[in-house]
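In what follows, a structure is listed as structure tokens, so that the remarks can point back to it.
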Amino acid sequence: MANKRKSRGKGKSGGRSRLWGWLLKLGLVGLVLVGALAVYLDAIVQEKFSGKRWAVPAKVFARPLELYAGRSLSRDDFLTELKALGYRQSNAANGPGQMAVGGSRIDVYTRGFQFFEGAERAQRVSVRFDGNRVAGISGAQGLVMARLEPLLIGGIYPAHNEDRILIRLDQTPPYLVDSLVAVEDREFFQHFGVSPKGIARAMFVNLTSGSLRQGGSTLTQQLVKNFYLTADRNIIRKGLEAMMAVLLELHYSKEEILEAYLNEVFLGQDGNRAVHGFGLASQYYFAQPLQELQLHQVALLVGMVKGASYYNPRRNPERATTRRNLVLDLMAEQGMISEQQATDAKNKPLDVTRGGSLANTSYPAFMDLVKRQLRADYRDEDLTSEGLRIFTSFDPLLQHKAETAVQATLKRFGETPDKTPLEAAMLVTGAQTGEVLAVVGGANPRFSGFNRALDASRPIGSLIKPAIYLSALEKPERYSLITPIDDAPITLEAEPGKTWTPQNYDRTSHGQVPLYLALAKSYNQAAVRLGSEVGVDTVLNTVRRLGVDHDWPAYPAMLLGAGAMTPMQVADMYQTIANGGFNTPLRAIRNVLTAEGEPLKRYPFEVRQRFDSATIYLTQQAMTHVMREGTGRSAYNQVPSSVRLAGKTGTTNDLRDSWFAGFSDDLVAVTWVGRDDNDRTRLTGATGALQVWNAFMGAAHPQSLADVPPAEIVMAWADPATGLGSDPSCEGSVEIPFRAGYQPLPGPGCKPVIDTEVIRDGANRVLDTIRDWLR
């Protein structure tokens with residue numbers, strides 16, 4: 001028995017030893033695994049945090065608004081731009097981002113900005129207005145010119161559509177860090193990444209409530225979750241989160257972690273774009289830089305950290321207000337602000353802007369053009385991750401007027417008989433620069449689908465006629481503005497075995513008409529006869545020289561615009577005429593900076609002279625007659641008659657496409673109205689597209705075309721019926737420009753050779769003498 005007991009005791013002792021042995025081994029294995037996991041997680045933490053932390057999308061900016069005496073700019077337009085930039089109205093402009101409005105004068109304190117040419121400091125500027133012009137500006141040190149920072153109009157986002165504006169900790173406004181720590185993690189500066197007290201508090205709340213209501217995560221854990229992990233709620237993810245938070249705190253300072261949190265936190269959804277970080281959230285909700293936010297705005301953003309969608313101030317203003325006020329109360333409780341400050345802040349409105357002005361769908365047609373031009377020089381990954389700053393020629397004021405003109409005019413046209421909606425496109429460029437200022441891609445400018453301004457290629461109708469007349473005027477020995485052109489029926493061989501007999505729109509022939517009048521009235525028969533005389537090939541080559549590459553066959557029908565162009569190509573063609581014969585490829589980008597503000601690339605003007613200035617001047621003169629007495633004359637219902645304009649209507653067969661292209665001294669604008677199914681619109685160029693153009697130009701306050709002829713032009717009197725020289729005294733005689741050396745000889749005077757008044761007076765005197773004798 002004793003042996004058995006002894007043996008049993010030995011057996012128990014051996015079993016416990018083996019158990020402890022196994023436990024020890026398992027513990028060692030566990031430690032090794034945990035150590036390996038820690039090493040692995042440490043590598044992940046350091047790799048991502050020490051390297052490039054975020055893929056920052058390229059930011060696209062509008063042109064900066066320049067201010068100088070004489071500039072065409074109304075007071076209302078200036079205020080519109082200031083509000084879009086988030087300037088706050090106050091009694092006096094005492095700091096960046098403030099403005100004071102009084103009568104015809106606006107004081108503004110500009111924000112400093114890093115331009116391509118260098119940094120521009122913030123400064124106070126007083127702007128005085130006289131009608132639609134800047135009467136003068138004043139500021140420190142004899143200021144003669146100033147400019148506002150450009151409006152941010154969009155970005156080029158990576159596939160995951162995250163967007164952010166990176167900020168440094170020293171760029172945050174007062175109260176932001178303190179209030180964030182007070183609300184989200186009061187022990188942030190004391191714990192080592194994980195807060196046992198916070199976890200215990202969360203466990204107590206969850207156990208007493210019977211549900212998972214509080215997470216107990218520190219700011220470091222929240223950063224780890226957003227930066228490295230998923231939002232899944234499970235014990236494994238929470239364990240990894242805690243380990244990585246500790247590792248993060250081992251390697252990096254509290255300030256580095258806090259700065260990363262400010263840039264990473266999710267604060268809203270703008271369409272398919274995720275708004276991350278306080279820098280972008282400030283622009284998105286308030287249209288203001290983060291540094292300028294006031295206490296009540298800071299409290300709102302901090303409150304939204306808990307749930308950006310749930311507390312969205314645009315969709316749920318009451319809920320957002322309650323949350324903001326709670327944050328303000330917490331700040332007051334912890335002594336960051338006084339009770340009075342909290343009360344004052346709670347009495348303020350939310351102050352959020354009406355819509356997300358930075359959405360990548362705000363100006364989809366223009367952004368489409370920018371992306372196409374950028375991709376000629378940059379890879380997609382450069383555009384979506386390097387934080388490039390793209391500066392464009394986009395003019396938000398003109399864009400707004402173009403969109404308004406398109407939408408209001410289409411609404412006035414009403415529905416088509418079969419209810420198919422009319423579509424439209426518009427493109428506005430600087431007449432002297434070739435810079436694209438505004439693009440409308442369709443009847444709904446916010447729709448980011450088919451971009452008709454760039455891609456809708458349609459027959460251009462009579463828009464081609466200036467190329468015909470320009471071709472003729474390049475032959476001054478044969479043609480001048482007064483040369484009679486026969487607007488009589490004409491039949492041509494369209495292609496082998498087929499003839500073509502064009503007709504005028506009014507089905508009437510007008511006989512011999514001066515060349516300029518044939519263009520002004522858009523007579524088809526005269527245009528085809530003239531085009532045939534100079535040669536269809538010559539006309540089509542003129543179109544190429546004007547800036548439009550094409551492969552149109554040299555058929556006579558091309559003389560009436562059977563060839564198709566996009567509005568962008570039409571703008572390129574008319575740009576050369578508006579710019580004195582100098583072709584400037586249309587461009588939307590001015591320059592590019594790196595994310596650090598270093599100059600990367602400039603897009604200079606490319607100017608090529610294609611026509612001599614005298615020929616272009618004569619062509620412009622003929623096109624001004626289109627506006628004064630031809631098919632474009634309704635423009636002067638919207639634009640003052642003192643403003644010289646030039647342009648041309650275009651209508652295609654069966655009234656399918658309605659076009660107008662025209663320019664002032666500073667603007668070229670092209671409009672198209674039609675249907676996507678290419679069916680009839682019942683609109684001509686004059687009754688359709690011109691009406692959109694008129695509405696735009698009426699609001700844009702264009703500058704009058706200069707009327708100073710080049711040195712090669714002389715003025716002479718001529719008879720419009722014959723084209724021969726005439727005398728000013730002759731009835732119907734007109735003074736008209738000619739190329740020097742080709743003007744007609746002066747015609748004989750039209751006053752009678754014998755002064756019949758003198759003879760009549762003499763005869764009367766003789767008769768009076770005879771009457772006296774007979775008495």
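Considering only heavy atoms from C-beta on, P728 stays 4.5 Å or farther from E735 through its side chain. With a 4.5 Å cut-off on side-chain heavy atoms, L559 and V536 count as touching. With contacts defined as side-chain heavy-atom distances shorter than 4.5 Å, the pair I577/F663 qualifies.
Taking the six-membered ring for Trp and thresholds of 30 and 60 degrees, F129 and F78 have ring planes inclined between 30 and 60 degrees apart.
The NE2 atom of H701 sits 10.0 Å away from atom CG of L398, with the distance rounded to the nearest 0.5 Å.
Counting heavy-atom neighbours within 6.0 Å of R682 CZ, excluding the residue itself, gives a total of 12 or less. For E731, the CD atom is loosely surrounded, since the number of other residues' heavy atoms within 6.0 Å does not exceed 12. The neighbour count for D130 CG, taken as heavy atoms of other residues, nucleotides or ligands under 6.0 Å away, does not exceed 12. Within 6.0 Å of atom OH in Y603, more than 12 heavy atoms from other residues, nucleotides or ligands are found, so the atom counts as buried in its surroundings.
Using modelled atom types, one finds no donor on one side chain facing an acceptor on the other under 3.5 Å when comparing T538 with S471. Looking at S509 and Q525, their side chains do bring a donor and an acceptor atom within 3.5 Å of each other. Side chains of E533 and Y479: a donor on one and an acceptor on the other come within 3.5 Å. If you check the side chains of D612 and T615, you find a donor sitting under 3.5 Å from an acceptor.
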**Request:** Apply the test side-chain hydrogen bond (donor to acceptor under 3.5 Å, both in side chains) to residues Y523 and D506: give CA-CA distance (whole Å), side-chain angles for both, the deciding distance (0.1 Å), then the verdict.
**Result:** CA-CA 9 Å; Y523 293 150; D506 60 2; 5.9 Å; no

**Message:** Using the rule given for side-chain contact (heavy atoms from CB on, under 4.5 Å), can you reason through F738 versus I482, listing the C-alpha separation, both sets of side-chain angles and the distance that settles it, and then say yes or no?
**Reply:** CA-CA 9 Å; F738 290 86; I482 205 74; 3.8 Å; yes

**Message:** Q621 vs R644, test: side-chain contact (heavy atoms from CB on, under 4.5 Å). Steps then yes/no.
**Reply:** CA-CA 10 Å; Q621 285 294 108; R644 294 182 75 241; 2.7 Å; yes

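Under the 4.0 Å criterion applied to side-chain N and carboxylate O atoms, E606 and R587 are not assigned as salt-bridge partners.
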Per-pair distances, 0.1 Å, donor-acceptor, side chain in residues 455-467, under 3.5 Å, sequence neighbours excluded:
{"from": "D455", "atom 1": "OD1", "to": "R372", "atom 2": "NH1", "distance (Å)": "3.0"}
{"from": "D455", "atom 1": "OD1", "to": "R372", "atom 2": "NH2", "distance (Å)": "3.4"}
{"from": "D455", "atom 1": "OD2", "to": "R372", "atom 2": "NH2", "distance (Å)": "2.7"}
{"from": "R458", "atom 1": "NH1", "to": "D657", "atom 2": "OD1", "distance (Å)": "3.0"}
{"from": "R458", "atom 1": "NH1", "to": "N678", "atom 2": "OD1", "distance (Å)": "3.0"}
{"from": "R458", "atom 1": "NH2", "to": "R675", "atom 2": "O", "distance (Å)": "2.6"}
{"from": "S462", "atom 1": "OG", "to": "K465", "atom 2": "NZ", "distance (Å)": "3.1"}
{"from": "S462", "atom 1": "OG", "to": "S522", "atom 2": "OG", "distance (Å)": "3.4"}
{"from": "K465", "atom 1": "NZ", "to": "S522", "atom 2": "O", "distance (Å)": "3.0"}
{"from": "K465", "atom 1": "NZ", "to": "S522", "atom 2": "OG", "distance (Å)": "2.9"}
{"from": "K465", "atom 1": "NZ", "to": "N524", "atom 2": "OD1", "distance (Å)": "2.6"}

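Residue pairs that meet the salt bridge (Lys or Arg N to Asp or Glu O under 4.0 Å) test with at least one member in residues 72-83, sequence neighbours left out, are R63-E81, D77-K401.
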